[in-house]
Amino acid sequence: ILVNCAAGKDRTGVAVALLLAVLGVSREVIFEDYCLTNQHADFVRMMAFREQSGRFKGTLPDALGPMFAADRAYLAAMFEQIDAQHGTIERFVLDELQLEPADLAAIRARLVEAPQPGG
């Protein structure tokens, strides 16, 4: 799946992490996927400096590092908060995103392939 975002780690990272969790992907794999953003962080930082809007004009490069880094601790904090308040990701999605169990079933049916025998 491809989701477009300025840095691809905050709103997008959370959205994809929640989707992967709902699909049953382990948190460890979700963390690894999230941190892949760091392989492109230098490119994103360079593009930010070139933006015509000048949003980062005058910002020291070292200050941009944390803004564009995908730190496992960021996502871990999100999961910890959801666990503390809702118990499970599924409960969070049902309560806060107001999806129905049928919606989750449809998402899973659409995005998860059944294992093939012998494969």
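Residues take their numbers from the sequence shown, with the count starting at 1.
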Derivation of the side-chain contact (heavy atoms from CB on, under 4.5 Å) call for V22 and L99: CA-CA 12 Å; V22 163; L99 294 179; over 6 Å; no
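Residues F79 and F31 have side chains in contact (heavy-atom distance under 4.5 Å, counting atoms from C-beta outward). Between N38 and C35, the closest side-chain pair of non-hydrogen atoms falls below 4.5 Å. Residues V14 and Y74 fail the side-chain proximity criterion, which asks for heavy atoms closer than 4.5 Å.
How far CD1 of I89 is from CG of L104: 11.5 Å, rounded to the nearest 0.5 Å. Separating the CG atom in D95 from the CD1 atom in I82 is a distance of 11.0 Å, to the nearest 0.5 Å. Atoms CD and CZ, on E96 and R91 in that order, are 10.0 Å from each other to the nearest 0.5 Å. Distance CG/L19 to CD1/I107: 7.0 Å, rounded to 0.5 Å. Taken to the nearest 0.5 Å, the CG atom of L75 stands 8.5 Å off from the CG atom of L18. A distance of 8.5 Å separates NE2 of H86 from CD of Q81, quoted to the nearest 0.5 Å.
Neither L36 nor L23 shares a network with the other; the hydrophobic side chains, linked directly or stepwise wherever heavy atoms of I, L, V, M, F, W or Y lie under 4.5 Å apart, form separate groups for each.
The minimum heavy-atom distance linking A17 with M78 is given by the pair CB-CE, 4.3 Å. Nearest approach of T37 to A70, heavy atoms of both residues: CB-CB, 3.8 Å. Of all non-hydrogen atoms in D71 and Y34, the two that sit nearest each other are O-CE2, 3.4 Å. Across A21 and I30, no two heavy atoms sit closer than the pair N-CD1, 3.6 Å. Among all heavy-atom pairs drawn from E90 and R108, the shortest one is OE1-NH2, 3.0 Å.
For E113, there are no salt bridge (Lys or Arg N to Asp or Glu O under 4.0 Å) partners at least two apart in sequence or on another chain.
Counting only distance, with no hydrogens or angles, the side chain of D103 and the backbone of E100 share a donor-acceptor pair below 3.5 Å.
Enclosure of atom CD in E28 by more than 12 non-hydrogen atoms of other residues, nucleotides or ligands within 6.0 angstrom is indicated.
In this structure, R27 does not pair ionically with D33, as no charged nitrogen and carboxylate oxygen lie closer than 4.0 Å.
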